[in-house]
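One structure is given below, encoded as structure tokens.
Below, each value reflects all heavy atoms present in this structure, side chains not excepted, and no hydrogens, waters or symmetry copies.
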Amino acid sequence: MSAPPVPPASATVRVPAGTTAGAAVREAGLPANGPEAVVVVRDPDGRLRDLAWAPEADVDVEAVPADSEDGRSVIRHSAAHVLAQAVQQLHPEAKLGIGPPIRDGFYYDFDVATPFTPDDLKKLESAMKKIIKAGQRFSRRRFADKDEARKELADEPYKLELIDLKGPEEDVVEIDASGELTIYDNVHAHTGETVWSDLCRGPHLPTTRYIPAFSLTRTAAAYWRGDEKNPQLQRIYGTAWESQEALDAYLERVAEAERRDHRRLGAELDLFSFPDQIGSGLAVFHPKGGIVRKELEDYSRRRHEQAGYEFVNTPHITKGQLFRTSGHLEWYEEGMYPGMILDEERDADGNVRKPGQDYYLKPMNCPMHNLIFDARGRSYRELPLRLFEFGTVYRYEKSGVVHGLTRARGFTQDDAHIYCTEEQMEGEIASLLQFVLELLRDYGLDDFYLELSTRNPEKSIGSDEAWERATNVLRKVAEETGLHLVDDPGGAAFYAPKISVQAKDAIGRTWQMSTIQVDLMLPDRFDLEYTASDGSRKRPVMIHRALFGSIERFFAVLLEHYAGAFPAWLAPVQVVGIPVTDDQREYVEQVAATLRERGVRVEVDSGDDRMQKKIRTHTLQKVPFMLVVGARDVEAGAVSFRFRDGTQVNGVPVADAVAAVQAWIGRRDNTSPTAESFTAAH
RNA sequence: GCCGGUGUAGCUCAGUGGUAGAGCAACCGCCUUGUAAGCGGUAGGUCGUCGGUUCGAUCCCGACCUCCGGCUCCA
């Protein structure tokens with residue numbers, strides 16, 4: 001009746017002294033193949049060990065199955081070794097870099113004379129398949145000392161370099177933190193001969209046969225040890241999984257992410273483009289994208305009004321002195337568009353008679369807002385003063401990094417600066433964080449965690465004491481939300497620590513969204529003051545915050561989150577009327593006119609296409625409501641709804657239909673209407 | 001910025017050392033249609049830009065630009 005009891009994959013197993021973990025696992029009847037095959041064990045110290053490991057005393061270990069995160073990492077790491085072996089088979093002159101497992105896959109870096117081609121990848125895949133089929137055993141061997149390792153690895157200059165790395169901060173899979181040096185020999189299944197070896201701390205699969213499914217995905221260059229000053233190696237990326245099914249599922253996730261790519265959807269849905277004539281990283285929004293953007297902004301404006309913000313506007317360009325005062329020119333000049341010299345005058349001989357002024361496009365809004373604060377004397381009664389602006393900024397991103405709307409050279413921040421007293425700071429930040437989370441939820445993002453970026457001593461200004469104070473307040477407030485809090489040491493900007501809200505999208509990717517920074521430095525630099533109740537002059541605390549970060553980027557995140565199917569309140573076209581024949585055209589136009597009067601964005605498709613074709617067209621355009629009207633509907637004074645998912649509700653009286661659509665949009669419901677949800681709602 | 005790839009009609013892509021084609025989209029007709037592509041026609045391209053090789057270049061070579069994937073960077 002019931003299936004025979006299978007030991008849970010994460011079973012604990014006792015390994016008797018002097019015997020191998022693998023033997024104990026087999027003894028316990030744990031799977032040796034399939035997706036749950038035990039690939040390594042975790043010892044009582046939490047360290048992963050090969051199945052060939054034989055402890056000196058009895059220990060209880062945890063069996064690690066292939067289909068766990070650790071299991072997959074081991075598969076991927078071993079797959080990286082197989083890749084390296086294949087590369088050296090086909091390109092004997094290739095020198096080895098490093099080859100770690102990464103999220104969803106692995107890579108290996110090689111120093112080769114000519115970069116790999118897609119064709120090379122195919123050849124390498126076949127070579128890897130042969131190695132896997134041969135069932136080579138991964139055999140761990142310990143070097144007596146560094147000299148022995150150096151001798152054996154004399155032909156591998158990069159590995160030699162790794163041997164001499166010391167200190168736990170150098171965490172690479174080749175070297176163990178304890179300083180123990182090991183090498184893995186790949187041993188021929190029958191002859192016992194060592195076929196290939198690689199410096200590595202392990203652990204590894206018992207044999208190459210434990211790599212059930214893999215694929216090489218792409219090639220790229222990468223600087224040796226991640227440093228721009230070092231030579232570039234050729235990197236090959238791959239992925240490996242516990243089963244063919246898991247690999248297929250992964251490839252499907254990648255394909256889904258591609259389908260959702262905002263650059264693709266932006267073109268397909270006619271939302272925005274990047275004309276070459278304007279320049280890299282500078283977007284134009286088409287009418288349909290413009291509507292979405294306007295809705296995003298309008299709603300944000302309304303919420304900010306309610307939350308006590310005041311709206312300001314500032315120019316896109318300013319004299320350099322402002323950014324010298326703020327420190328931006330000192331810290332970020334390379335990220336700014338080069339300055340331009342204006343108003344210079346020369347005499348007939350070309351000598352400068354009147355020196356020019358340097359102007360810069362603004363990379364940030366805060367200095368301008370500071371000037372607004374400083375435009376007149378400020379009283380404590382005015383604080384907190386919250387200045388908000390959709391401020392467009394320009395940053396000179398390096399040519400290789402611009403990426404659609406998510407990494408652009410010109411973008412608009414929903415930027416606000418809050419000036420408050422030291423006593424107000426904590427309460428202000430706490431309510432701000434709630435405001436941010438609430439607003440993000442209103443746009444349909446609801447899975448968050450927080451990140452606290454703290455001071456980088458090399459790249460910052462201000463006193464230790466000020467940083468500590470600001471950081472402590474941020475930490476306290478972040479902890480009070482109850483959300484998961486991740487530390488990001490050294491990740492802060494030069495002038496302030498920050499909390500960032502990370503949001504998870506519909507397919508599980510996380511995006512950095514809102515940021516909140518407590519700035520105790522810029523008020524000093526700008527010598528900002530307010531008059532306290534006792535008549536003394538005091539320095540305000542300044543809080544920087546952006547919810548969207550950049551509107552363009554937020555737009556892109558939502559576009560990908562919704563896969564182009566925006567909620568009805570954001571959709572560029574909310575309703576399309578589709579007459580079944582020309583006879584219903586006028587009737588549909590009337591229904592549309594009624595909707596339009598009520599502020600609904602509606603179009604009527606009165607083209608020559610057949611109804612089926614129109615449904616297809618507007619389904620692909622992700623229109624939330626299609627109103628199909630045939631003779632029967634006209635006769636009944638009704639319309640028939642068709643939704644994105646193909647479901648329908650027929651024969652809805654016009655007045656009900658109009659009211660229901662209006663209500664749906666007005667609620668800012670973030671789900672796509674379906675026959676079921678729509679019927680339930682009206 | 002660095003490495004590699006890429007660029008042909010609005011989009012997706014064929015193609016050739018003798019100046020180009022398909023599907024979709026657009027436009028025009030016919031059909032009058034009940035829930036994801038009806039039929040026919042028309043129009044549309046200095047083959048990314050500039051230079052070189054050649055009798056002749058969209059094709060071969062070089063430089064530059066765009067975009068894509070990485071690396072570095074991301075206030």
Would you classify A/His618 as touching base, sugar-phosphate or nothing, given that sugar-phosphate means primed atoms plus P, OP1 and OP2, and contacts are heavy atoms under 4.0 Å?
nothing

Given RNA chain B, 5'-ward residue of the pair A/Gln234 and A/Tyr332, judged by closest heavy atom
A/Gln234

Please work out if A/Asn650 contacts a base, only the sugar-phosphate, or nothing of the nucleic acid, heavy-atom cut-off 4.0 Å.
base

So what does A/Leu233 hit on the nucleic acid, given a heavy-atom distance under 4.0 Å: a base, only sugar-phosphate, or nothing?
nothing

Mind checking if A/Ala222 touches a base, just sugar-phosphate, or nothing, with heavy atoms under 4.0 Å?
sugar-phosphate

Remember a base hit wins even if backbone is also touched, and classify A/Gly226 as base, sugar-phosphate or nothing at under 4.0 Å, heavy atoms.
sugar-phosphate

Distance, P atom - from B/C11 to B/U33, rounded to whole angstrom
37 Å

Could you tell me which residues satisfy side chain to side chain contact (heavy atoms under 4.5 Å, CB included) with A/Ala408, sequence neighbours excluded, listed by chain and number?
none

B/G5 versus B/C60 - spacing of their P atoms, nearest Å
14 Å

List the atom pairs, with distances to 0.1 Å, where a side-chain N or O of residues 573-583 of chain A and a protein N or O form a donor-acceptor pair under 3.5 Å, not counting sequence neighbours.
unit_1, atom_1, unit_2, atom_2, d
A/Gln574, OE1, A/Arg601, N, 2.7
A/Gln574, NE2, A/Ala568, O, 2.9
A/Thr581, OG1, A/Asp583, N, 3.1
A/Thr581, OG1, A/Gln584, OE1, 3.1
A/Thr581, OG1, A/Gln584, NE2, 3.4

Positional range of nucleotides in RNA chain B within the contact set of chain A, heavy-atom, under 4.0 Å
B/G1 to B/A75

Nearest-angstrom distance, C1' atom, B/U53 to B/A63
15 Å

Distance check, C1' atoms only: B/A25 and B/U42, in whole angstrom units.
14 Å

Sticking with atom P, work out how far B/U49 lies from B/C65, rounded to a whole angstrom.
15 Å

Any base atoms under 4.0 Å from A/Arg395, or only sugar-phosphate, or nothing? Heavy atoms, all strands.
base

Check every strand shown and say whether A/Asp582 touches a base, only sugar-phosphate, or nothing at a heavy-atom separation below 4.0 Å.
base

Have a look at A/Arg218 and say if it touches a base, only the backbone sugar-phosphate, or nothing, with a 4.0 Å heavy-atom cut-off.
sugar-phosphate

Residues at least two apart in sequence or cross-chain that pass ring-ring contact (aromatic ring centres under 6.0 Å, His included) with A/Tyr419, listed by chain then number, are A/Phe373

Convert the base pairs of RNA chain B into dot-bracket notation, remembering that pairs crossing earlier ones are written with [ ] and that bases paired across to another strand are shown as |; include only Watson-Crick or G-U pairs under 3.5 Å.
(((((.(..((((....[..)))).(((((.......))))).....(((((..]....)))))).)))))....

Any residue meeting salt bridge (Lys or Arg N to Asp or Glu O under 4.0 Å) with A/Asp109, in chain and number order, not counting sequence neighbours:
A/Arg235

5' priority, RNA chain B, between A/Gly404 and A/Ala267 [closest heavy atom]
A/Ala267

Regarding A/Gln232, tell me which of base, sugar-phosphate or nothing describes its non-hydrogen contacts under 4.0 Å with the strands shown.
base

When the C1' atoms of B/G4 and B/U66 are considered, how many whole Å apart are they?
16 Å

For A/Lys613, which residues count as a salt bridge (Lys or Arg N to Asp or Glu O under 4.0 Å) partner, sequence neighbours excluded?
none

A/Ser640 near the nucleic acid: base, sugar-phosphate alone, or nothing, with a heavy-atom cut-off under 4.0 Å?
base

Check every strand shown and say whether A/Tyr107 touches a base, only sugar-phosphate, or nothing at a heavy-atom separation below 4.0 Å.
nothing

Would you say the side chain of A/Phe116 lies within less than 4.5 Å of the side chain of A/Val87, judging by non-hydrogen atoms?
yes

Could you check whether the rings of A/His262 and A/Phe272 sit parallel, tilted or perpendicular, using 30° and 60° as the cut-offs?
tilted

Atom CG of A/Leu520 and atom OG1 of A/Thr471: how far apart are they, to the nearest 0.5 Å?
8.5 Å

Using a heavy-atom cut-off of under 4.0 Å over every strand shown, decide if A/Phe494 touches base, sugar-phosphate, or nothing.
nothing

C1'-based separation of B/A9 from B/A22 [nearest Å]
11 Å

For residues 281-291 of chain A, dump all side-chain donor-acceptor pairs below 3.5 Å to protein atoms at least two apart in sequence or in another chain.
unit_1, atom_1, unit_2, atom_2, d
A/His286, NE2, A/Ser273, OG, 3.3

Test of understanding: with salt bridge (Lys or Arg N to Asp or Glu O under 4.0 Å), list the residues that count as partners of A/Asp487, not counting sequence neighbours.
A/Arg475

With a non-hydrogen cut-off below 4.0 angstrom, is A/Pro363 in contact with a base, only sugar-phosphate, or nothing?
base

Which part of the nucleic acid does A/Asp227 contact within heavy-atom distance under 4.0 Å: base, sugar-phosphate only, or nothing?
nothing

Take atom P in B/G69 and the same atom in B/G7, then report the distance between them in whole Å.
16 Å

Centre-to-centre under 6.0 Å for A/Tyr396 and A/Tyr394, is that the case here?
no

